[in-house]
Amino acid sequence: MLRLAVTTSSETFDRMQQPLAARDIAVEHLSAVSRTIRLTDTADDFDVGFVYPTRLMEGGALTAQRQLPWVNGREAVLSSRNKAGVIAALSRAGLPVPETRMVSNPADEETVINAVADLSFPLVVKPNSATRGVGVAKVSDVDSLLGVVDYLNLVHDYRATGDKSYLIQEFVPNARDYRIMVLDGEVVGGVERRLPESLDEGRWKHNVHRGAEATELTVSERHRELAVSVAEVLGIDYLGVDLLVTDERTVVSETNARPTIDHEKYASDFWDRLAALIRRTAEQS
């Protein structure tokens with residue numbers, strides 16, 4: 001039986017165990033946090049890893065110690081996490097994205113104001129490499145923009161802060177929020193993320209970790225082609241593609257190379273496809 005290392009112990013880990021065991025793949029936890037790693041000990045207890053740990057330094061040590069191949073390796077996770085890089089790559093490929101500016105600190109107020117001179121408020125400010133909607137804010141005018149930027153400057157003043165960049169992006173009003181899952185070049189399903197009525201008043205972010213609910217989505221052919229194109233441009237085999245959809249347009253807002261598996265809303269052959277990709281990754285190593 002193939003041994004698969006999974007570095008998350010959340011929903012994805014629990015959901016993978018039984019379906020993959022039925023396909024001769026043992027799903028086991030490989031902790032990358034809150035532990036010590038004996039670097040001088042060799043370890044070969046796994047055949048393949050699922051997705052590279054979010055803690056990149058620990059991931060590097062575990063990978064080197066085991067010579068472990070990953071379904072989504074370090075480059076895939078880094079590429080997807082870099083929101084600015086994703087927007088730039090997709091824009092260059094002619095795929096639809098929101099108008100976006102990247103600011104690299106330190107940057108003075110005049111620089112920030114000039115960056116948005118040709119954009120219309122409201123705007124969205126977001127850390128370049130955070131996840132789950134952390135730190136994302138909507139601003140209505142220059143003063144509120146500079147107020148949010150003040151807080152980012154405080155964080156970036158700390159010498160140990162790794163990523164000292166953020167994005168200023170057009171706000172797409174009345175947009176439906178879709179997550180399309182691409183697996184090995186094929187769309188295997190999608191969800192629409194909505195806030196329940198109890199949370200809907202005055203809120204606009206649709207992250208599931210912030211209380212939104214994911215409902216199964218019938219993915220149109222147009223959106224299928226777009227999501228597959230995104231995965232091809234980025235060169236990532238297992239990818240969540242986030243779309244903002246209105247009656248007038250669709251844009252790719254972000255991608256996620258460490259997406260939560262929501263298999264009950266995916267195609268019936270999802271686990272077969274995933275098992276095949278895991279096996280191919282192990283064999284290619």
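Using a cutoff of 4.0 Å between basic side-chain nitrogens and carboxylate oxygens, R273 and D184 are not scored as salt-bridged. The residues D262 and R179 are annotated as not salt-bridged, no charged nitrogen and carboxylate oxygen being separated by less than 4.0 angstrom. In this structure, E264 does not pair ionically with R15, as no charged nitrogen and carboxylate oxygen lie closer than 4.0 Å. With respect to the salt-bridge test (charged N to carboxylate O, under 4.0 angstrom), the residues R249 and E170 qualify. One finds no salt bridge joining R3 and D47 here, because no Lys/Arg side-chain nitrogen approaches an Asp/Glu carboxylate oxygen to under 4.0 Å. With respect to the salt-bridge test (charged N to carboxylate O, under 4.0 angstrom), the residues R101 and D118 qualify.
Expressed to the nearest 0.5 Å, how far OG of S220 lies from OH of Y178 amounts to 7.5 Å. S120 contributes atom OG, which lies 10.5 Å from atom CD of E99 (distance to the nearest 0.5 angstrom). Separating the CZ atom in R159 from the NZ atom in K164 is a distance of 9.5 Å, to the nearest 0.5 Å. Annotation: the span from S229 atom OG to R224 atom CZ amounts to 13.5 Å, rounded to 0.5 Å. To the nearest 0.5 Å, atoms OG1 (T111) and CG (N105) are separated by 10.0 Å. Atom CZ of R35 and atom CG of L30 lie 6.5 Å apart (nearest 0.5 Å).
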Please walk me through it: do R81 and T54 pass side chain to side chain donor-acceptor pair (under 3.5 Å)? CA-CA 9 Å; R81 181 184 295 181; T54 186; 2.8 Å; yes
Dump the intermediate steps for side-chain contact (heavy atoms from CB on, under 4.5 Å) on V187 and V241, then the final yes or no. CA-CA 10 Å; V187 169; V241 179; over 6 Å; no
Take L243 and I180, measure what side-chain contact (heavy atoms from CB on, under 4.5 Å) needs, and give me the verdict at the end. CA-CA 8 Å; L243 306 181; I180 313 298; 3.9 Å; yes
Any chance you could lay out the side chain to side chain donor-acceptor pair (under 3.5 Å) test for E11 and T260, step after step, and finish with the verdict? CA-CA 7 Å; E11 300 97 332; T260 299; 4.9 Å; no
Can you list the steps and then say if L183 with L277 is a side-chain contact (heavy atoms from CB on, under 4.5 Å)? CA-CA 8 Å; L183 173 58; L277 177 58; 3.5 Å; yes
Check the pair D177 / R194 against salt bridge (charged side-chain N to carboxylate O under 4.0 Å, His left out), numbers first and verdict last. CA-CA 7 Å; D177 188 322; R194 303 175 182 172; over 6 Å; no
From CA spacing to verdict: side-chain contact (heavy atoms from CB on, under 4.5 Å), L234, L239: CA-CA 9 Å; L234 300 180; L239 186 67; 4.1 Å; yes
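Grouping the Ile, Leu, Val, Met, Phe, Trp and Tyr side chains by contacts below 4.5 angstrom, directly or via other members, places I87 with L226. Taken together through direct or relayed side-chain contacts under 4.5 Å among Ile, Leu, Val, Met, Phe, Trp and Tyr, V6 and V77 form parts of separate hydrophobic clusters. One hydrophobic cluster, built from ILVMFWY side chains closer than 4.5 Å, holds both L62 and L78. Transitive grouping of hydrophobic side chains (ILVMFWY, heavy atoms separated by less than 4.5 Å) keeps V245 and M181 in distinct clusters. Hydrophobic clustering keeps I278 apart from F46 (ILVMFWY residues linked when any side-chain heavy atoms are closer than 4.5 Å, directly or through intermediates).
Within a 6.0 Å radius of CZ in R55, no more than 12 heavy atoms belonging to other residues, nucleotides or ligands are found. Around CZ of F121, the count of heavy atoms belonging to other residues, nucleotides or ligands within 6.0 Å exceeds 12. Within 6.0 Å of CD on E109 lie no more than 12 heavy atoms contributed by other residues, nucleotides or ligands.
Taking the six-membered ring for Trp, Y238 and F50 have ring centres closer than 6.0 Å.
Inspection of the T281 and W70 side chains reveals no N or O donor paired with an N or O acceptor under 3.5 Å. Residues N256 and D242 have side chains that never bring a donor and an acceptor to within less than 3.5 angstrom of each other. E192 and T215 share no donor-acceptor pair across their side chains, judged by distance under 3.5 Å alone.
Every residue was checked against the salt bridge (Lys or Arg N to Asp or Glu O under 4.0 Å) condition with D237, not counting sequence neighbours, and none meets it. Qualifying salt bridge (Lys or Arg N to Asp or Glu O under 4.0 Å) partners for D163, counting only residues two or more places apart in sequence or in other chains: none. Evaluation of the side chain to side chain donor-acceptor pair (under 3.5 Å) rule for S104 yields no partner, not counting sequence neighbours.
Nearest heavy atoms, P122 versus F171: O-CB, 3.4 Å. Closest heavy-atom contact between P127 and K83: O-CD, 3.7 Å.
A distance-only check finds a donor-acceptor pair linking the side chain of Q65 to the backbone of R38 [under 3.5 Å]. A distance-only check finds a donor-acceptor pair linking the side chain of S80 to the backbone of T255 [under 3.5 Å]. No donor-acceptor distance shorter than 3.5 angstrom exists from the side chain of S79 to the backbone of A76, with no hydrogens or angles considered. At distances below 3.5 Å, not a single donor-acceptor pair connects side-chain atoms of N128 with backbone N or O atoms of N82.
The one candidate from V48, L4, D24, L274 that meets the side chain to side chain contact (heavy atoms under 4.5 Å, CB included) condition with R279 is D24. Just one of V125, L123, V139 meets the side chain to side chain contact (heavy atoms under 4.5 Å, CB included) condition when paired with S144; it is V139.
Taking the centre and axis of the six-membered ring of Y166, the NZ or CZ atom of K126 falls outside the cone set by 45° and 6.0 Å.
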